[in-house]
Amino acid sequence: MAMNSILNPDDIKKALDVFKAVDSFDHKRFFEMVGLKAKSADDVKKAFYVLDADNSGFIEEEELKFVLKHFATDGRDLTDKETKAFLQAADKDGDGKIGAEEFTALVRE
């Protein structure tokens, strides 16, 4: 499943353009811009499973670096600073990875 089956491709493109600059990524604003924040819990979980590239049931730090590429192939890699900030915002239990419930809570913030 691809993100453009869950979200509007035009919204994805606009959001990726806004966050094209290095160290500009803001997950709250990004999720709102792509329309994920307004989606059902089921759609948010579908998005989570797209981002969980290794199908481990978690999004690990290494997978977070490439999160924008899961929205569109021309998305950029997140910097280490952006990746760590994203992980810190979502990882409520401190295990170094993001579970589906943590991701859903992060999107809903």
Side-chain angles (χ1 to χ4, degrees):
M1 177 180 299
M3 284 295 181
N4 61 6
S5 67
I6 303 167
L7 303 168
N8 181 317
D10 291 336
D11 292 341
I12 293 171
K13 179 167 179 11
K14 288 176 192 168
L16 289 173
D17 286 347
V18 167
F19 297 106
K20 197 167 245 172
V22 171
D23 288 330
S24 66
F25 184 72
D26 175 330
H27 64 273
K28 287 181 185 179
R29 201 162 149 232
F30 181 79
F31 291 146
E32 191 169 326
M33 290 183 75
V34 297
L36 194 57
K37 192 170 186 153
K39 291 291 184 179
S40 69
D42 283 345
D43 282 342
V44 172
K45 285 195 177 172
K46 286 177 189 173
F48 170 84
Y49 289 111
V50 171
L51 299 175
D52 177 20
D54 65 0
N55 298 312
S56 67
F58 297 96
I59 302 171
E60 291 89 3
E61 186 171 348
E62 190 62 30
E63 290 170 310
L64 281 179
K65 289 180 185 179
F66 310 112
V67 73
L68 296 180
K69 288 186 175 174
H70 290 285
F71 284 86
T73 54
D74 61 345
R76 69 173 176 86
D77 293 348
L78 295 182
T79 64
D80 287 344
K81 179 181 170 183
E82 290 169 317
T83 302
K84 289 186 186 317
F86 193 177
L87 181 62
Q88 185 176 17
D91 182 19
K92 300 301 182 194
D93 62 8
D95 64 357
K97 53 193 174 187
I98 303 168
E101 298 305 318
E102 290 171 314
F103 181 75
T104 301
L106 181 71
V107 169
R108 297 282 184 235
E109 282 183 354

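Computed from a prediction, not measured in an experiment: that's the story for all the values here.
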- Query: Within a strict 4.5 Å, meaning less than it, do heavy atoms of the Glu82 and His27 side chains meet?
  - Reply: no

- Message: Suppose we screen for side chain to side chain contact (heavy atoms under 4.5 Å, CB included). Which residues come up paired with Ala85, at least two apart in sequence or across chains?
- Response: none

- Task: Taking all heavy atoms of Asp91 and all of Gly96, pick out the closest pair and write down the distance.
- Result: OD2-N, 2.7 Å

- Query: Lys69: what forms a side-chain hydrogen bond (donor to acceptor under 3.5 Å, both in side chains) with it, not counting sequence neighbours?
  - Reply: Asp77

- Sequence neighbours excluded - side chain to side chain donor-acceptor pair (under 3.5 Å) pairs with any residue from residues 92-109: Lys45-Glu101

- Is the closest side-chain heavy-atom distance between Lys39 and Leu7 below 4.5 Å? yes

- Item | CG-CD1 distance between Leu36 and Ile6, expressed to the nearest 0.5 angstrom | 7.5 Å

- Task: Ignoring hydrogens and angles, tell me if any N or O in the side chain of Arg76 forms a donor-acceptor pair with the backbone of Ala21 under 3.5 Å.
- Result: yes

- Find out whether Val107 and Lys28 are in side-chain contact, i.e. whether some heavy atom of one side chain is under 4.5 Å from a heavy atom of the other. no

- Could you pull out all residues at least two apart from Ser24 that satisfy side-chain hydrogen bond (donor to acceptor under 3.5 Å, both in side chains)? none

- Message: As an exercise, state the distance from CG of Leu68 to CZ of Phe19, rounded to the nearest 0.5 Å.
- Response: 9.0 Å

- Under the side-chain hydrogen bond (donor to acceptor under 3.5 Å, both in side chains) test, which residues partner Lys81, sequence neighbours left out? none

- Message: Would a single hydrophobic cluster contain both Phe86 and Val22, if residues Ile, Leu, Val, Met, Phe, Trp and Tyr are joined by side-chain heavy-atom contacts under 4.5 Å?
- Response: no

- Query: Same hydrophobic cluster for Met3 and Met33, using side-chain heavy-atom links shorter than 4.5 Å among ILVMFWY?
  - Reply: yes

Table please: side-chain donor-acceptor pairs of residues 10-17 below 3.5 Å, with sequence neighbours left out.
| unit_1 | atom_1 | unit_2 | atom_2 | d |
| --- | --- | --- | --- | --- |
| Lys13 | NZ | Asp17 | OD2 | 3.2 |

- Message: Test of understanding: with salt bridge (charged side-chain N to carboxylate O under 4.0 Å, His left out), list the residues that count as partners of Glu63, not counting sequence neighbours.
- Response: none

- Message: Can you tell me how the ring of Phe25 sits relative to the ring of Phe30, calling it parallel under 30°, perpendicular over 60° and tilted otherwise?
- Response: tilted

Donor-acceptor pairs under 3.5 Å, side chain of residues 47-57 to any protein atom, not counting sequence neighbours: which ones?
| unit_1 | atom_1 | unit_2 | atom_2 | d |
| --- | --- | --- | --- | --- |
| Asp52 | OD1 | Asn55 | N | 3.3 |
| Asp52 | OD1 | Ser56 | N | 3.2 |
| Asp52 | OD1 | Ser56 | OG | 3.4 |
| Asp52 | OD2 | Ser56 | N | 3.2 |
| Asp52 | OD2 | Gly57 | N | 2.7 |
| Asp54 | OD1 | Ser56 | N | 3.1 |
| Asp54 | OD1 | Ser56 | OG | 3.0 |
| Ser56 | OG | Phe58 | N | 3.2 |
| Ser56 | OG | Phe58 | O | 3.1 |
| Ser56 | OG | Glu60 | OE2 | 2.9 |

- Say whether, by atom type as modelled, one donor and one acceptor occur between the side chain of Arg29 and the main chain of Val18 under 3.5 angstrom. no

- Query: With a 4.5 Å limit on heavy-atom distance, are the side chains of Ile98 and Leu64 in contact?
  - Reply: yes

- Message: Is there a path of hydrophobic side-chain contacts, each under 4.5 Å between heavy atoms, that joins Phe31 and Leu87?
- Response: yes

- Item | Results of ring-ring contact (aromatic ring centres under 6.0 Å, His included) for His70 - residues two or more places apart only | none

- Task: Start with the C-alpha distance between Asp80 and Lys65, add both sets of side-chain angles, then the distance that settles side chain to side chain contact (heavy atoms under 4.5 Å, CB included), and finish with yes or no.
- Result: CA-CA 7 Å; Asp80 287 344; Lys65 289 180 185 179; 3.6 Å; yes

- Ala38 meets the side chain to side chain contact (heavy atoms under 4.5 Å, CB included) criterion, sequence neighbours left out, with none

- Query: What residues, two or more places apart in sequence or in another chain, satisfy side-chain hydrogen bond (donor to acceptor under 3.5 Å, both in side chains) together with Asp23?
  - Reply: Thr79

